[in-house]
There are 2 protein chains.
Amino acid sequence: MSNGRDARPATLREVAEAVGCSVATVSRVLAGDRPVGPDLARRVQQAARDLGYLPNQVARALRSRSTATVGLVLPQITNPFFPSLMREVERALHEQGRALLLADSADDPALEAERVELLIARQVDGLIVAPVDQERSMATLAKAAARVPVVLLDRSVDEVQADAVTVDNAAGMRLLLEHLKALGHSRFWFLGAAGDASAAVERRAAFQDWAVRHAGFWRVELGDFSVRFGQHTAGRAVTAPAAQRPDAIVCANDLIAAGAVQRLRELGVSVPGELAVTGFDDIDLASLTSPGLTTVRQPNRELAAEAARMLAARIHQPEAAARAVRLTPTLVARGSTVVVQSPQGSTL
Amino acid sequence: MSNGRDARPATLREVAEAVGCSVATVSRVLAGDRPVGPDLARRVQQAARDLGYLPNQVARALRSRSTATVGLVLPQITNPFFPSLMREVERALHEQGRALLLADSADDPALEAERVELLIARQVDGLIVAPVDQERSMATLAKAAARVPVVLLDRSVDEVQADAVTVDNAAGMRLLLEHLKALGHSRFWFLGAAGDASAAVERRAAFQDWAVRHAGFWRVELGDFSVRFGQHTAGRAVTAPAAQRPDAIVCANDLIAAGAVQRLRELGVSVPGELAVTGFDDIDLASLTSPGLTTVRQPNRELAAEAARMLAARIHQPEAAARAVRLTPTLVARGSTVVVQSPQGSTL
DNA sequence: TGTTGTGGGGAAATCGTTATCCGACGTTCC
DNA sequence: GGAACGTCGGATAACGATTTCCCCACAACA
């Protein structure tokens with residue numbers, strides 16, 4: 001008893017035979033790119049419907065040299081920032097009638113290279129990449145950009161001739177630091193991510209630039225974009241000798257900050273009373289820790305929409321000069337720096 | 001000045017011409033499916049390397065009727081449970097040498113139908129779907145399963161002849177309820193998701209079955225799988241007349257529970273002192289709220305791995321009988337039900 | 001009446017592979 | 001020495017669409 005799966009779907013030719021015309025005609029009716037007699041057209045439509053005809057996109061792609069598919073390469077799907085970005089990218093691409101081929105480079109430049117190669121072999125019309133590393137992703141991206149339109153998303157790589165849409169990390173970091181300064185904080189620990197991802201580098205550099213000029217005391221600790229790193233290092237901040245203890249912990253992203261806040265609660269340190277904490281990204285989680293995280297919001301949707309738009313433009317006009325768009329993030333103040341009135345008036 | 005993008009990649013034919021042999025031979029060397037003389041083989045390898053030959057997967061797919069691509073259709077990428085599942089699916093598929101075409105059905109059966117159709121038109125070798133709705137996804141899935149191998153993931157749809165890998169939601173719910181009962185709780189509010197997604201239905205039903213027999217008082221509130229719903233409803237639980245007030249809030253997933261815990265903190269209600277809260281899924285967030293969420297862990301990785309395995313098996317043997325695998329979740333007890341000793345001895 | 005468009009239609013090339021068929025050559029075994 | 005066989009290689013159909021080229025009929029025009 002067959003379940004009908006092996007009954008292969010109808011082809012253009014079968015529709016043509018059913019109608020009694022040529023495949024060219026059927027194709028024209030369905031594509032609508034050249035006029036066809038009204039009667040014949042109707043019969044073709046009908047036959048296509050009856051046979052449940054679905055155009056084979058693979059064949060179409062082979063002939064027309066366009067798969068209507070773009071590859072998205074992300075460095076760590078685990079980091080909640082990326083799924084939300086991904087969702088917006090998927091939405092924007094779907095509106096363009098393109099599909100999304102997803103690849104995770106797991107923060108590994110070698111894996112990233114492999115994935116990019118695979119996607120190109122699959123003839124994607126373009127690539128949207130959040131590169132793993134400023135340096136070690138360069139070769140991969142340069143090679144990729146020579147074969148297919150590439151848009152860098154969220155993180156950039158200098159010297160690669162490709163469009164890029166990023167967020168102004170330095171401006172975001174300054175927003176946070178000015179906010180803290182206005183609240184009277186002057187002793188900072190910065191919990192940053194090591195490595196050469198552009199977001200990590202820019203946030204780090206922006207912190208240092210500012211701290212050198214305005215901080216009473218500061219110190220930089222490097223780890224990765226993880227909750228665990230935040231937990232661990234926050235513990236060390238509290239037990240450090242008094243001279244090195246901070247009154248604010250500035251984290252390179254929300255995951256680190258969430259870890260820090262949580263550990264501080266466990267240690268009975270009041271946030272923000274004794275120690276303020278800030279994050280970066282404004283992932284969903286940021287409003288759910290307690291206290292909520294003061295952070296900087298990345299304009300997620302705009303980022304994705306702009307990337308999709310740039311990619312479409314470049315696909316349409318491959319030789320145009322590369323553009324770089326930098327969006328501005330906004331400050332979101334919550335309980336980790338400011339004592340907020342809750343709706344019912346209880347503070348904590 | 002061209003950037004070389006329009007210089008199309010080398011084809012099999014060009015490699016053949018460079019070597020001075022036929023395309024068939026080149027194909028054979030590269031595929032390794034039939035012996036070729038060692039000398040010729042070496043020259044082909046060399047030429048392929050020199051020309052930077054990359055096999056065109058689209059052409060290959062057209063001819064060999066296999067794209068080595070599977071579609072993953074998720075109901076809401078926003079829910080953090082799904083990205084983590086997605087990540088594991090991506091990993092498992094990659095190990096099989098398959099790529100992942102991602103689609104978000106945004107909890108809308110109509111959109112889901114559209115996406116599935118699109119993926120099938122793209123000739124995916126199979127589909128992994130977490131259906132939106134037990135009832136309204138049926139037609140879509142039945143039609144899809146007739147054309148291409150389908151595996152249902154995390155949520156199932158009865159009467160659809162397809163493989164499925166799900167988690168035993170009823171068992172998970174019972175774990176939580178027994179846990180609460182052992183702690184002395186007897187008055188429950190259940191914050192569940194409306195709609196006919198199988199996970200929602202099963203958790204709801206399991207709660208009721210148990211509550212009817214063991215609860216002193218219980219009540220079911222229906223909303224969606226969102227933080228907002230948890231916040232809102234937790235507020236109502238606290239202000240309800242004493243006779244209807246719970247001593248434990250059982251939530252259908254972690255997002256709802258996180259919202260509930262957060263609102264309760266704002267209201268100054270001690271958790272778990274006055275009111276215990278439980279979640280479901282054990283997403284990353286669950287350990288970061290304070291207190292951490294007692295919840296049930298879905299065996300994410302096994303779920304994904306099993307789905308990938310089932311799909312591969314079915315692709316290889318399309319006519320085999322449909323299988324349904326149900327994995328068992330495990331209880332994770334945290335501060336939202338149990339007062340835990342933190343490492344440093346401070347409680348709460 | 002002859003010429004020239006023009007709209008509607010078919011035949012066939014094409015995209016870049018894989019798969020099938022067939023021939024040539026060398027070996028082995030009666 | 002001839003038949004049978006295994007190995008290596010080439011030529012050439014597919015795969016299922018799009019697209020180019022060409023043809024025919026019919027109308028319009030001089």
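All chains are named by letter (A, B, ...) in the order of the sequence lines, taking the proteins before the strands, and each is independently numbered beginning at 1. Not measured: the values here are computed from a predicted model.
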Checklist entry - In whole angstroms, how far is the C1' atom of C/dG16 from the CD atom of A/Q123? => result 9 Å
Checklist entry - Below 4.0 angstrom from OP1 or OP2 of C/dT18, is there any side-chain N or O of B/S27? => result yes
Checklist outcome for this item: B/L54 atom CG is separated from C/dG16 atom C1', nearest whole Å, by 13 Å
Checklist outcome for this item: Regarding the side chain of A/V23, the nearest nucleotide among C/dA12, C/dG9, D/dT12 is C/dA12
Checklist entry - Which is true for B/T11 with a 4.0 Å heavy-atom rule: it touches a base, it touches only sugar-phosphate, or it touches nothing? => result sugar-phosphate
Checklist entry - Want to settle it: does B/C21 or A/A31 sit nearer the 5' end of DNA chain D, counting the closest nucleotide to each? => result B/C21
Checklist entry - Does B/R309 come within less than 4.0 Å of B/E306, counting only side-chain N to carboxylate O? => result yes
Item to check | A/E114/B/H94 under side chain to side chain contact (heavy atoms under 4.5 Å, CB included): CA gap, chis, key distance, verdict | outcome: CA-CA 11 Å; A/E114 184 193 323; B/H94 183 245; 3.1 Å; yes
Checklist entry - Does a side chain donor of either B/T78 or A/R87 reach within less than 3.5 Å of an acceptor in the other side chain? => result yes
Checklist entry - Among the nucleotides C/dT18, D/dG16, D/dT18, which one has an atom lying closest to any side-chain atom of B/S64? => result C/dT18
Checklist entry - 5'-most contact on DNA chain C: A/P35 or B/R13, nearest heavy atom basis? => result A/P35
Checklist outcome for this item: Out of C/dA19, D/dG10, C/dG10, minimum distance to the side chain of B/D33 belongs to C/dA19
Next on the checklist: Heavy atoms from C-beta onward define the side chain here; which of C/dT18, C/dG16, D/dT18 lies closest to that of B/R60?
Outcome noted: C/dT18
Next on the checklist: Is it the case that D/dG9 (base atoms only) and B/R34 (side chain only) share a donor and an acceptor within less than 3.5 Å, ignoring hydrogens and angles?
Outcome noted: yes
Next on the checklist: Please pick, from D/dG9, C/dG10, D/dA17, the nucleotide with the shortest atom-to-atom distance to any side-chain atom of A/A59.
Outcome noted: D/dA17
Next on the checklist: Any N or O donor-acceptor pair under 3.5 Å from the base of C/dT17 to the side chain of B/R63?
Outcome noted: no
Checklist entry - Between D/dG10 atom P and B/L12 atom CG, what is the distance in whole Å? => result 12 Å
Item to check | Interatomic distance where CG belongs to A/L62 and P belongs to C/dT14 [whole Å] | outcome: 14 Å
Checklist entry - Do B/R42 and B/Q45 have side-chain atoms, one donor and one acceptor, less than 3.5 Å apart? => result no
Checklist entry - Closest to the B/T25 side chain: C/dG16, D/dG9, D/dT12? => result D/dG9
Checklist entry - How would you label the contact of B/R65 with the nucleic acid (heavy atoms, under 4.0 Å): base, sugar-phosphate, or nothing? => result sugar-phosphate
Checklist outcome for this item: To the nearest angstrom, the CZ-P distance between A/R122 and C/dT17 comes to 15 Å
Item to check | Side-chain donor/acceptor contact of A/R28 with base of C/dG10 under 3.5 Å | outcome: yes
Next on the checklist: What I want to check is whether the side chains of A/T140 and A/S137 have a donor and an acceptor closer together than 3.5 Å.
Outcome noted: no
Checklist entry - Whole-Å distance between C/dT17 P and B/Q57 CD? => result 9 Å
